[in-house]
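Just below is one structure, and these are the notes that go with it.
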Amino acid sequence: MVEIELSTIPDAEIDLQVMRSLLEEFYEQSGVKVRLDTMTWGTAWTDFVTMASHGKGPDLSHIGGTWVSSLAIMNALRPFPANDIDEMGGEKAFLRPTWQSGLLYGDERIWAIPWTGYTFVICYRKDLLEQLGIDGETAFGTTEGVASTVRKLEQSPLEIPWLIPSSSPPYTDLIHMAASWVWEAGGDFIRIDPDGEEVVLNSVQAFQGLKAWLELYRLIPDTYANLNQFDTSNLFARGRAAAVVADNRFASSEYLGGANDTVRKNLGVAPLTSVPWYGGGSLVIWRHTQGYPEREHAAVQLVHFLTGKAAELRWGREVHSLPARVEVVQELYPEGSSLHRAFNLASESGRAYPPVPLWRRLEYQIAQGLYQCLQQCRENRSKDIDVILHEQLDPLTERLNLTLKG
């Protein structure tokens, strides 16, 4: 009997329950036994770097999509040949932003197969917006629309008009949320051309988007200004907030387990901006597995199984995670669903970061820089945000460009 090892990074206990059930189903179909190794998001990157350096560890892993390019450049991953990809339905079977995460700039090989999607949306109370004369269908979805709506909410008698999560570093979700504002303003974090890569975090357009994003944090009441995503989402679910930035998993009405009936009945979901960030989780096979042909073949079989329609449908329904397969998104969130607009825009118009070799390092440091900007905006509410951005991000941009030049 062939036995392989899969490492995964669960977000909740239900993830492990469903994964174990899926692996039992895979065993019944294939005869391949899968040992499951669990990791945490806080330590997984360090573990993966150790695996890459030592050339040993699990046969395949669930990893953050933004980490693929950095691991590929370490020569730690096994690429997926064309026949593997064809058997899984080909590139067009997967959402475009998630597929891009499996690439490495300047390299045609596919280093990962997308498994799940991940994005941020705005959850809002339709009834509370209506009381203020705000049309929820047009209230959000653009930088200007969000700013205008939040100002109206902030001037209302509502206890908590608006919430965005934050947390102490490392908290890379800050860059994921900020990206939507940066991209809609025409900015970017990094520019790639034939001459190489350049961090453009302090460009005029990027600062324009970041300023609009940071201004929204200043509209949060002081009492609720430094809460993580768990706390902000709970306040919304308990009916105390009118609108909140949340991840796609929370946005599923089925996942609002602790929400009262009024919140469930009046839940509205909208995209952050017209160019939302769209990430996700990917499945990779480690290069060291190639030394064991039976395990390598079994690992490919497991990737095929987990990214297939049946497994992705079950994962989406039971775990409430966004799938990476196009047909599954369409089936889970059809027209008429409260999540259709936000999730389909994210999957169709959303962007992923460019798959450059050092992106993991850049992402980590940019998120830290954004946290410093956020802290300055809170502690010095009268200080000009442009000044804060220049103080924090000009030197960071310079340091990151030196890093790119080696």
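None of the values given here were measured: they were computed from a predicted structure.
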Just checking, is any N or O donor in the side chain of [X] or [Y] under 3.5 Å from an acceptor N or O on the other one?
{"X": "E184", "Y": "S274", "result": "yes"}
{"X": "R378", "Y": "S166", "result": "yes"}
{"X": "Y171", "Y": "H176", "result": "no"}
{"X": "T98", "Y": "S101", "result": "no"}

Do you know which two heavy atoms are closest between [X] and [Y], and how far apart they sit?
{"X": "A251", "Y": "V121", "result": "CB-CG2, 3.6 Å"}
{"X": "I63", "Y": "V284", "result": "CD1-CG1, 3.8 Å"}
{"X": "S233", "Y": "F250", "result": "O-CZ, 3.3 Å"}
{"X": "V328", "Y": "P323", "result": "CG1-CG, 3.5 Å"}
{"X": "L174", "Y": "P165", "result": "CD2-O, 4.4 Å"}
{"X": "L272", "Y": "V146", "result": "O-CG2, 3.4 Å"}

Side-chain ([X]) to main-chain ([Y]) donor-acceptor, under 3.5 angstrom:
{"X": "N401", "Y": "T397", "result": "yes"}
{"X": "T289", "Y": "D59", "result": "yes"}
{"X": "R96", "Y": "G350", "result": "yes"}
{"X": "H304", "Y": "E87", "result": "yes"}
{"X": "S156", "Y": "L153", "result": "yes"}
{"X": "T273", "Y": "S180", "result": "yes"}
{"X": "H288", "Y": "P58", "result": "yes"}
{"X": "R287", "Y": "L77", "result": "yes"}
{"X": "Y124", "Y": "G136", "result": "yes"}
{"X": "T232", "Y": "Q229", "result": "yes"}

* To do: May I have the step-by-step check of side chain to side chain contact (heavy atoms under 4.5 Å, CB included) for L302 and L60, ending in yes or no?
  => CA-CA 9 Å; L302 181 55; L60 70 165; 3.9 Å; yes
* To do: Any chance you could lay out the side chain to side chain contact (heavy atoms under 4.5 Å, CB included) test for K92 and V326, step after step, and finish with the verdict?
  => CA-CA 8 Å; K92 292 184 178 179; V326 174; over 6 Å; no
* Asked: How far apart are the C-alpha atoms of S69 and V356, what are their side-chain angles, what is the distance that settles it, and do they pass the side chain to side chain contact (heavy atoms under 4.5 Å, CB included) test?
  -> CA-CA 6 Å; S69 57; V356 297; 5.5 Å; no
* Aromatic plane relationship, Y333 with F343 - under 30° parallel, 30 to 60° tilted, over 60° perpendicular -> perpendicular
Assess whether atom [atom1] of [X] is packed by more than 12 heavy atoms of other residues, nucleotides or ligands within 6.0 Å.
{"X": "E13", "atom1": "CD", "value": "yes"}
{"X": "K265", "atom1": "NZ", "value": "no"}
{"X": "Q17", "atom1": "CD", "value": "yes"}
{"X": "R361", "atom1": "CZ", "value": "no"}
{"X": "E379", "atom1": "CD", "value": "yes"}
{"X": "E327", "atom1": "CD", "value": "yes"}
{"X": "D135", "atom1": "CG", "value": "yes"}

SB check [X] [Y] (cutoff 4.0 Å):
{"X": "E198", "Y": "R191", "result": "yes"}
{"X": "R20", "Y": "D15", "result": "no"}
{"X": "R78", "Y": "E296", "result": "yes"}
{"X": "R381", "Y": "D222", "result": "yes"}
{"X": "E3", "Y": "K33", "result": "no"}
{"X": "E25", "Y": "R314", "result": "yes"}
{"X": "D247", "Y": "R249", "result": "no"}
{"X": "R360", "Y": "E363", "result": "yes"}

* To do: Apply salt bridge (charged side-chain N to carboxylate O under 4.0 Å, His left out) to the pair R325 and E312, showing each step before the final yes or no.
  => CA-CA 7 Å; R325 187 171 283 272; E312 287 227 338; 5.1 Å; no
Return the [atom1] to [atom2] distance between [X] and [Y], rounded to the nearest 0.5 Å.
{"X": "H297", "Y": "Q290", "atom1": "NE2", "atom2": "CD", "answer": "14.5 Å"}
{"X": "W41", "Y": "I9", "atom1": "CH2", "atom2": "CD1", "answer": "4.0 Å"}
{"X": "L374", "Y": "Y217", "atom1": "CG", "atom2": "OH", "answer": "5.5 Å"}
{"X": "L129", "Y": "T149", "atom1": "CG", "atom2": "OG1", "answer": "6.5 Å"}

Are any of the side-chain heavy atoms of [X] and [Y] separated by less than 4.5 Å?
{"X": "K126", "Y": "Q131", "answer": "no"}
{"X": "I164", "Y": "W162", "answer": "yes"}
{"X": "Q100", "Y": "F94", "answer": "no"}

* Check against ring-ring contact (aromatic ring centres under 6.0 Å, His included), Y278 and Y118 -> CA-CA 6 Å; Y278 200 101; Y118 189 64; 9.1 Å; no
* To do: Begin from the C-alpha positions of L103 and E108 and carry the test side chain to side chain contact (heavy atoms under 4.5 Å, CB included) through to its verdict.
  => CA-CA 7 Å; L103 307 175; E108 295 183 354; over 6 Å; no
* Residues R351, D188; criterion salt bridge (charged side-chain N to carboxylate O under 4.0 Å, His left out); working and verdict -> CA-CA 11 Å; R351 283 180 56 179; D188 216 327; 3.0 Å; yes
Please report whether the ring centroid of [Y] lies less than 6.0 Å from that of [X].
{"X": "H390", "Y": "F207", "value": "yes"}
{"X": "F48", "Y": "W286", "value": "yes"}
{"X": "W183", "Y": "W213", "value": "no"}

* **Pairing residues for A185 by the side-chain contact (heavy atoms from CB on, under 4.5 Å) criterion, not counting sequence neighbours** => Q208
* **Those residues that, when tested against T116, pass side-chain contact (heavy atoms from CB on, under 4.5 Å) (two or more places apart)** => W315, S321
* Take E331 and R317 through the test salt bridge (charged side-chain N to carboxylate O under 4.0 Å, His left out) and record every step on the way to the result. => CA-CA 11 Å; E331 185 165 333; R317 286 171 176 154; 3.3 Å; yes
